[in-house]
Amino acid sequence: MTEITPLLPGTRIGILGGGQLGRMLSLAASQLGMRTHIFCPDENSPAFEVTPHKTVAGYEDVAALRAFASAVDVVTYEFENVPLATAKVIAENVPLHPGPKALEVSQDRLAEKGFLTRAGIAVASYRAVNSRADLDAAIAEIGLPAVLKTTRLGYDGKGQRTIRTPEDAEAAFAALSGVDLVLEGFIAFQKEISVIVVRGADGVVVTYDPAENVHKDHILKTSTLPASISGRAADKARGIAGQIAAELGYVGTMGVEFFLVADGDEPEILVNEIAPRVHNSGHWTQAVCVTDQFENHIRAILGWPLGSTIRLADVVMENLIGEEINATAGRSVTGVQPHVYGKTEARPGRKMGHLNIVKVPKP
Ligand code: AMP
């Protein structure tokens with residue numbers, strides 16, 4: 001293990017991205033006595049509310065990026081689509097954690113699947129698709145149903161179409177073509193689970209318990225702990241997440257999403273996606289772990305030892321989408337930890353806050 005000199009309270013942490021994840025990272029950093037500076041093009045970013053230091057500028061604005069880098073001691077990010085050129089400008093001027101490799105791999109589904117496959121980690125069968133003819137060839141090899149996805153910039157189900165019959169292929173291709181695509185075999189999974197993994201600057205890797213995730217309209221609705229899976233499946237998922245963090249030489253918190261295909265003595269688990277950042281399915285850690293995913297991310301990028309990931313109670317994290325926020329805020333009951341992101345407009349499909357509903361142990 002490498003000997004690291006930890007950065008001290010008062011350290012200025014730059015965060016690229018001003019959404020709720022940046023906001024919660026900033027709050028965690030403040031708790032440790034750090035100062036945060038948020039860089040985001042959108043003036044109404046929720047993270048701007050929690051720190052006085054901000055830059056409102058585009059990610060292509062090199063002068064603004066350089067000025068930002070010179071105003072902080074270390075930089076991190078809250079979303080995986082930070083342009084590589086942006087990451088490069090930052091990394092030339094100040095330490096950037098996680099490093100550009102994690103961005104490169106996770107921004108492109110083909111690069112990600114290639115990386116995972118080379119590491120011996122199972123993913124759904126896939127083929128690159130750059131033309132209508134490629135799609136037919138990919139369908140012939142992979143079979144149907146299958147899922148056609150853009151290789152870049154897909155999230156919450158955007159940029160993907162399920163192809164169930166050969167007749168669906170035309171419409172799916174028409175809807176997505178013009179950019180690089182990938183066809184994936186459709187996985188008839190038992191459950192979707194995810195693991196939050198953190199790797200420290202010294203190479204120490206810790207993982208949290210796997211969460212069982214349910215999506216509604218392609219958006220994460222709940223993460224339930226414990227997941228109703230075998231201990232073997234949980235160990236396997238945690239092991240894979242740790243392996244990914246180690247192979248990337250990662251520093252910080254990362255979310256790894258899995259499809260659990262079969263449980264039992266020899267569980268079959270495929271990686272769906274990796275997110276090189278704190279992750280929505282890890283918000284439950286705020287309520288039931290001594291050190292949550294946000295604090296552990298900050299600890300990692302500061303070169304601090306990582307905190308305990310042990311889960312102290314059962315918990316359900318429920319996302320509040322759109323108008324749901326108004327029905328819930330101010331009405332929380334014992335055992336429910338509300339988080340409200342402070343977004344001004346409750347648009348449909350927008351993540352506005354979440355509840356951590358803790359199964360409080362009886363006295
Ligand atoms: P993604 O954007 O790749 O995370 O996909 C969003 C959601 O679509 C996943 O959480 C799954 O519920 C579903 N999905 C994605 N890819 C597949 C697949 N190959 N087979 C079955 N379901 C999928």
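Residue numbers start at 1 and run along the sequence shown. Just so you know, ligand 1 is whichever comes first in the structure, and atom 1 is the first atom listed for that ligand.
Ligand-side atoms of ligand 1 in range of Phe189: 12 (O), 21 (C), 22 (N), range being under 4.0 angstrom from any heavy atom. Applying the 4.0 Å criterion to heavy atoms of Glu192 picks out, from ligand 1, the atoms 9 (C), 10 (O), 11 (C), 12 (O). For ligand 1 and Glu184, the ligand atoms under 4.0 Å from any heavy atom of the residue are 16 (N), 18 (C), 19 (N). The atoms of ligand 1 that sit less than 4.0 Å from any heavy atom of Glu257 are 4 (O).
Salt-bridge formation is not detected for the pair Glu247/Arg118: no Lys NZ or Arg NE/NH1/NH2 atom is positioned less than 4.0 Å from an Asp or Glu carboxylate oxygen. A salt bridge links Glu170 and Arg132; the closest N-O separation between the charged side-chain nitrogens and carboxylate oxygens is under 4.0 Å. Salt-bridge formation is not detected for the pair Lys149/Glu273: no Lys NZ or Arg NE/NH1/NH2 atom is positioned less than 4.0 Å from an Asp or Glu carboxylate oxygen.
None of Ile13, Ile38, Thr36, Ile298 except one satisfies the side chain to side chain contact (heavy atoms under 4.5 Å, CB included) rule with Leu25; the exception is Ile298.
Geometrically, Arg164 engages Phe186 in a cation-pi contact defined by less than 6.0 Å to the ring centre and at most 45° from the axis.
In terms of polar-atom proximity, defined here as any N/O pair under 3.5 Å, His218 makes no such contact with ligand 1.
By the criterion of a heavy-atom distance under 4.0 Å, the side chain of Asn272, and not its backbone, is placed next to ligand 1.
Comparing Ser125, Gly185, Ala275 against atom 19 (N) of ligand 1, the shortest heavy-atom distance belongs to Gly185. The option with the heavy atom closest to atom 21 (C) of ligand 1, from among Thr162, Leu270, Ile187, is Ile187.
Side-chain contact check for Thr51 and His53: no donor-acceptor pair (N or O, by modelled atom type) lies under 3.5 Å.
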